[in-house]
2 protein chains.
Amino acid sequence: MSQSEGVFVQVPGSAVDWRQAPAGAEDVEGCPWAGCKQLLRKVGLRPTRQRLLLGWILFSKGDRHVTAEMLFEEAVKAKLPVSLATVYNTLHQFTQVGLLREIGVAGPKAFFDTNPSAHHHFLIEGEEALLDIPENAEVVLESPPTPPEGYEIARVDVVVRLRRTAAPV
Amino acid sequence: MSQSEGVFVQVPGSAVDWRQAPAGAEDVEGCPWAGCKQLLRKVGLRPTRQRLLLGWILFSKGDRHVTAEMLFEEAVKAKLPVSLATVYNTLHQFTQVGLLREIGVAGPKAFFDTNPSAHHHFLIEGEEALLDIPENAEVVLESPPTPPEGYEIARVDVVVRLRRTAAPV
DNA sequence: TTAGATGCAAATGGTTTGCATGCGT
DNA sequence: ACGCATGCAAACCATTTGCATCTAA
C-alpha cells in the first residue's frame with residue numbers, strides 16, 4: 001500500500017494511484033498505459049481499449065471535472081471508437097471503484113471529478129463550470145452536525161456558488 | 001430588517017414572510033389566503049387560483065423539500081385543477097422571487113425548499129430524502145475560501161450525505 | 001472458449017415549450 | 001377587453017437498457 005505520495009492526484013485508501021506503473025512500463029505518448037492497464041486490473045475492470053483510453057483522457061491531464069458528453073467528445077477527437085453509452089458505463093464503473101467521484105450539483109448534467117479525494121468545489125453560476133477549492137484554502141466544518149438516529153455521515157459536499165462581481169472595474 | 005427571530009421560517013432580506021398577513025385577513029381552513037394573495041402581488045405574480053393553492057400547500061406546513069411531482073400530487077389530492085407544467089412554472093417563479101430555494105443535489109430530480117434562508121441539508125443516500133440541518137447544529141465554514149479574481153461568493157451549499165449505520169444494533 | 005464489454009438504437013424519466021383557451025385586472 | 005396564466009401534448013435532453021456482436025482472458 002505504500003504509494004509514493006502523489007504528485008497531484010491523491011486517492012483515498014481504497015483506490016489506487018494509476019501512475020504507479022512499474023519503472024519499465026511502456027508509455028504511449030507520455031501516458032503510462034501499462035500503469036493504467038494494471039490499475040484497471042487491480043480494481044477488477046478488464047482493461048479494454050476504450051477503458052484504457054478513457055482512463056488516459058481522464059487522468060493524464062491533472063484534475064478535471066467532466067460530463068459524459070465532454071468525455072465522449074474528447075474520445076471521439078482522440079479517434080477512439082466509443083459510444084456515448086459506453087462512456088456513461090465507464091464513468092459509473094470508474095466511480096464505483098473509487099477512481100472518480102460524482103458531483104451532483106451543477107444542474108441536470110452529472111459531473112465526474114478525477115480527484116476522488118475529499119475536497120470541495122466552486123461552482124460558477126450561469127456557466128456550468130466547476131473549480132476545485134484549493135486544498136490550502138480548505139473548507140472545514142466547524143461543528144459537524146449530529147446525524148439523526150441510525151444514520152452516519154457518509155460524506156460532506158460543499159459547493160461554493162460564485163457569481164461575477166457586479167463591477168469588475 | 002428586524003424580523004422577529006423566526007419560529008422556523010426565516011426569509012432573507014429580499015424575500016417576504018408570507019405569514020405577515022394583516023390581522024384581519026380571512027383565513028381559509030387555517031391558511032391566510034389573503035396574506036398569500038398579498039404576498040404574490042408583492043412579488044409581482046398574479047394571484048391565480050393555482051398559485052394561491054400551490055403557495056398554500058407549500059408554505060402552510062412548515063419547512064418542506066418538495067419535487068415538482070410531489071407538489072403536483074398534493075395539488076391533485078387537494079382537488080386543484082392544475083397541470084404538471086404549471087407546477088414547474090410556479091416552482092420556478094416562486095424561486096425567482098425568493099419564496100423558494102432550489103436545491104440541486106439529490107440526483108436527477110430538482111428539489112425546492114420552502115425555507116429560502118441560508119441553511120444546509122442532510123441527504124439520505126439511497127432514498128432521495130432531504131432533511132434540514134437544524135440551525136442550532138449549524139455548520140460553519142472555518143475559512144471561507146477566497147474566490148478567484150472577478151468572482152464573489154453567491155451562496156454556500158453544504159450537503160451532508162448520510163447512510164444507514166451498518167449495525168443498527 | 002467464454003464471460004464480460006461494446007455499439008447501436010430504442011426506451012425512459014424529468015423538465016420545458018408552443019399554442020389555443022381561460023381568468024385576473 | 002387585455003394580457004398574463006394555464007392546460008395539454010409534443011418536444012427535449014440527459015441517461016439507461018436490451019440485445020447482438022466483439023474481445024480480452
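Computed over heavy atoms, backbone and side chain alike; hydrogens, waters and symmetry mates excluded.
Atom CD of A:Glu128 and atom C1' of D:dC13 are 12 Å apart (whole Å). The distance between atom CD of A:Gln93 and atom P of D:dT15, rounded to the nearest whole Å, is 16 Å. Counting to the nearest Å, the C1' atom of D:dT17 and the CG atom of A:Leu84 are 13 Å from each other. Going from atom CD of A:Glu73 over to atom C1' of D:dA14 covers 14 Å, rounded to whole Å. Remark: C1' of D:dT6 and CG of B:Leu80 are 11 Å apart, rounded to the nearest angstrom. In this structure, the CD atom of A:Glu69 is 5 Å from the P atom of D:dA14, given to the nearest Å. Atom CG of A:Leu52 is separated from atom P of D:dT23 by 15 Å (rounded to the nearest Å). Straight-line distance from the CD atom of A:Gln50 to the C1' atom of D:dT23: 9 Å, rounded to whole Å.
For DNA chain C, the span of nucleotides reached by chain B at under 4.0 Å from its heavy atoms goes, 5' to 3', from C:dG14 to C:dT25.
A salt bridge links B:Arg101 to B:Asp157: one of the charged nitrogens lies within less than 4.0 Å of a carboxylate oxygen.
Side-chain N/O atoms of B:Thr48 include one lying less than 4.0 angstrom from OP1 or OP2 on D:dT6. Note on A:Arg41: a side-chain N or O is less than 4.0 Å away from OP1 or OP2 of D:dA25.
A heavy-atom distance below 4.5 Å is not found between the side chains of A:Leu80 and A:Phe72.
Summarising the geometry of A:Glu125 relative to A:Arg161, their closest heavy-atom pair is OE2-NE, 3.1 Å, with the distance given to 0.1 Å.
When each of A:His92 and B:Thr86 is assigned the nucleotide of DNA chain D with its nearest heavy atom, B:Thr86 is the one assigned upstream, toward the 5' end. Heavy-atom nearest nucleotides on DNA chain D were determined for B:Val82 and for B:Arg46, and the one closer to the 5' end corresponds to B:Arg46. Comparing B:Asn89 and A:Gly44 along DNA chain C, the residue whose closest nucleotide (by nearest heavy atom) sits nearer the 5' end is A:Gly44.
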Residue pair B:Tyr88, B:Leu71: steps toward the side-chain contact (heavy atoms from CB on, under 4.5 Å) verdict: CA-CA 9 Å; B:Tyr88 275 105; B:Leu71 182 55; over 6 Å; no
*Between A:Asp132 and A:His65, does a side-chain contact (heavy atoms from CB on, under 4.5 Å) hold up when you go through it step by step?*
CA-CA 9 Å; A:Asp132 277 350; A:His65 308 99; 2.7 Å; yes
Practice problem: Just do the side-chain contact (heavy atoms from CB on, under 4.5 Å) check on B:Leu99 and B:Phe59 with the steps written out, would you? | Solution: CA-CA 9 Å; B:Leu99 294 175; B:Phe59 299 115; 3.8 Å; yes
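When only modelled atom types and interatomic distance are considered, A:His119 and A:Asp113 share a side-chain donor-acceptor pair under 3.5 Å.
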